[in-house]
2 protein chains.
Amino acid sequence: MGTFREIGIAAEASKLAAPVPARDAIAADLIAVLVAVTSGDPRVLTIQDQSALPSGPFELAHRSLQAGLRAWVERQTRLPLGYVEQLYTFADRDRGSAGQHVISISYLGLTREQLASGEHEASWRSWYSYFPWEDHRAGTPPMIEAALLPRLEAWANAPQNPGLRQDRGQRVAITFGGGGRAWDEELVLQRYELLYEAGLIPEAARASPPGTLRPGVAATPLPGAGQPMILDHRRILATGIARLRAKIKYRPVVFELMPETFTLLQLQRCVEALAGRLVHKQNFRRLIEQQDLVEETGETTPDTGGRPAKLFRFRREVLTQRAIAGTKLPVSRA
Amino acid sequence: MGTFREIGIAAEASKLAAPVPARDAIAADLIAVLVAVTSGDPRVLTIQDQSALPSGPFELAHRSLQAGLRAWVERQTRLPLGYVEQLYTFADRDRGSAGQHVISISYLGLTREQLASGEHEASWRSWYSYFPWEDHRAGTPPMIEAALLPRLEAWANAPQNPGLRQDRGQRVAITFGGGGRAWDEELVLQRYELLYEAGLIPEAARASPPGTLRPGVAATPLPGAGQPMILDHRRILATGIARLRAKIKYRPVVFELMPETFTLLQLQRCVEALAGRLVHKQNFRRLIEQQDLVEETGETTPDTGGRPAKLFRFRREVLTQRAIAGTKLPVSRA
DNA sequence: CCTATAATGCTCTGTTGGAGTATAAGACAA
DNA sequence: TTGTCTTATACTCCAACAGAGCATTATAGG
């Protein structure tokens, strides 16, 4: 079992036996959540008939994890990877075959959608097809009230233990905004995990060995619970979305998803697509401008229907000039 | 080289040849940044004469990474690990021997200091002995002006390229708060990296193969640049400190470092120790109380010198009741 | 010319966070 | 006993900011 290295009381057997992999051999995978926003839709790059995130082995040739991911994504998709950030690392015995440990290191990357040659089965897909309850731009999606909440409340009220009942009820209220609470768009992962625990996510059934199935789990793979993915890819995607929704509020990363020049409304729509909720237009503009995040190009667009809008360009200088910067997107409460 | 799995154009040789480790074998390490606050000092658990963070191999027996870390730390130190959070995962070819990749997964853990049997060489040490420039509780440490800034400015002004010069100058100003800028206590990692690049950190010399040494690097391992650690452990520690300093502002994690009952001043001192700067007492209390993070025990302390203080207890309920909670510690600017 | 759609400018207001003042309650020394 | 030191605790002030709404301007299309 584990010992502090250097304090190690006894060298493990494997240390002495195996030749080069001095310790338990482990495989490492890189998994990418690649995001682009196209025509008001936040999309992720998927493979395998849209049921998986792109992933690949981490190899000796790679200098570092991030370099490995970058090289690999850019070769495969010809996408300019603007921003890359590590998400999370996990290891489950379930994942590898034959009890071998596979460590998965997931990354979030921002680009602009672009279909390149070489992407055989890869395709972009709206992330809301995996998490339909996350899109509140047109108000709370009716499926929450109609489909999710009844099931969640049934799950919350199921246990004998009143403490557990209260706990579950609270979690439902917090994550899905029941009882007058405001919707918090950042709780993407918590919501997914709640639905998972409540058995409304088909993936939950696959994970439990047959027979161990908790009552209620995946008896009915709830219509409207979103498209499933292989393994825990949907959880990884949820992690990525949550991270991105949090990040756009204090770091100017949205611009990695925008074309060279854009109007303020386009920028706003992009933020709204990510956040899954509308923002107050005037306040949004005030915030962007007072932070000097953009500069006018001098041109205007022929436009879409109204008064022509000025075109802007991201001031890349702010990335070096400021420590915190931040597009604190003013999300409306209405 | 890497391919998207499932899109893979050709199976790699290793896939066909090797038996169980289907791909390039890799070793994984867990590295722990264990923090406690004792008598106003934020301390980390170290080994090897205080030159290394405790670490150990991740093994097949472990169910998951976090479980592995928890089990392992608790067995070794008998510490109740209140809070554990993954920090970062990295892999450098330099790290392993013989070109083997070692993946290191670092964790941050909060406890209370406690020397248990079995900790042969382990000891707690103030994190400010590794980062003396980070403690601003008694005002800006004089060594910044006296030792660091001159060297940093020399480094910033060294290049021919005026753009690069300006860039470096800006980074110095942002991270070390020159030119009227406020000190941002969260930029721990950026500061360390800057010092590293500028060659003021002994570790930088070790990393470069002999001959590749950039001019100025570690020619003199600057007195006052803090105690070095092995490999990149000091960078990991910097990551942990930065994360913790950010976290205490929006999650009630400080309480994991406190005894069962405490006075508000004790709590404040703990936050100040972590943040490395003083907070406004009255505002701090207002914030803590208005958030219902604590409840009175009814008792008071015999005290340290002044009017007796009420004792408080953390209301653990808030952890389940709230999504965001947050101890937004009001840091004074003075 | 009228209407629809955006862009853009400006105001109002409630909340919050930083900072300061004032008072209370003990310990301790002269 | 009294004054002083130290800390706890209660309140007040003010500026900055964020949410929300109103008003005006500029186009396209009938």
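A note on names: the letters A, B, ... follow the listed sequences, proteins ahead of strands, and every chain is numbered from 1.
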Original post:
Do A/Glu272 and A/Arg277 meet the salt-bridge criterion of a basic N to acidic O distance under 4.0 Å?
Top reply: no
Subject >> Side chain proximity check, A/Leu194 to A/Val172, heavy atoms < 4.5 angstrom >> reply: yes
**OP:** Look at the side chain of A/His280 and decide which nucleotide, out of C/dG17, D/dT25, D/dA20, has an atom nearest to it.
**Re:** D/dA20
Original post:
Does a side chain donor of either B/Glu85 or B/Tyr83 reach within less than 3.5 Å of an acceptor in the other side chain?
Top reply: yes
Original post:
In whole angstrom, what separates A/Leu265's CG from C/dT8's P?
Top reply: 10 Å
Original post:
CZ of B/Arg285 versus P of C/dT23: gap in Å, rounded?
Top reply: 18 Å
Original post:
Between A/Glu186 and A/Arg245, is there a side-chain N and carboxylate O pair less than 4.0 Å apart?
Top reply: no
Original post:
Which nucleotide in the set D/dG21, C/dG17, D/dT27 lies at the smallest distance from any side-chain heavy atom of A/Pro308?
Top reply: D/dT27
**OP:** Can you tell me the distance, in whole Å, between the CD1 atom of A/Ile288 and the C1' atom of C/dA7?
**Re:** 15 Å
Original post:
Quick one: B/Lys281 NZ to C/dA19 P, roughly how many Å, whole number?
Top reply: 16 Å
Original post:
What integer distance in Å separates B/Gln291:CD from C/dT16:C1'?
Top reply: 12 Å
Subject >> Interatomic distance where CG belongs to B/Leu264 and P belongs to C/dA24 [whole Å] >> reply: 20 Å
Original post:
Are B/Glu256 and B/Arg112 within salt-bridge range, i.e. N to O under 4.0 Å?
Top reply: no
**OP:** Give a yes/no answer on whether the side chain of A/Arg307 brings an N or O atom under 4.0 Å of OP1 or OP2 in C/dT5.
**Re:** no
Subject >> Rounded distance in Å - CD (B/Gln268) to C1' (D/dT9) >> reply: 13 Å
Original post:
Do you know which two heavy atoms are closest between A/Phe312 and A/Thr297, and how far apart they sit?
Top reply: C-CG2, 3.9 Å
Subject >> Pair B/Glu260 + B/Arg313, salt bridge at N-O below 4.0 Å >> reply: no
Nucleotide N/O of nucleotides 28-30 of chain C paired with protein N/O under 3.5 Å:
none

Subject >> B/S/- contact track for nucleotides 10-16 of chain D, protein heavy atom under 4.0 Å >> reply: BBB----
Subject >> Interatomic distance, B/Leu278 CG vs C/dG17 P [rounded to whole Å] >> reply: 19 Å
Subject >> B/Lys310 and B/Glu299 ion-paired at < 4.0 Å >> reply: no
Can you list, pair by pair, the side-chain donor-acceptor contacts under 3.5 Å of residues 135-148 of chain A, counting residues two or more places apart and other chains?
unit_1, atom_1, unit_2, atom_2, d
A/Asp135, OD1, A/Arg137, N, 3.2
A/Asp135, OD1, A/Arg137, NE, 3.0
A/Asp135, OD2, A/Arg137, NH2, 3.1
A/His136, NE2, A/Trp133, O, 3.1
A/Arg137, NH1, A/Gly40, O, 2.7

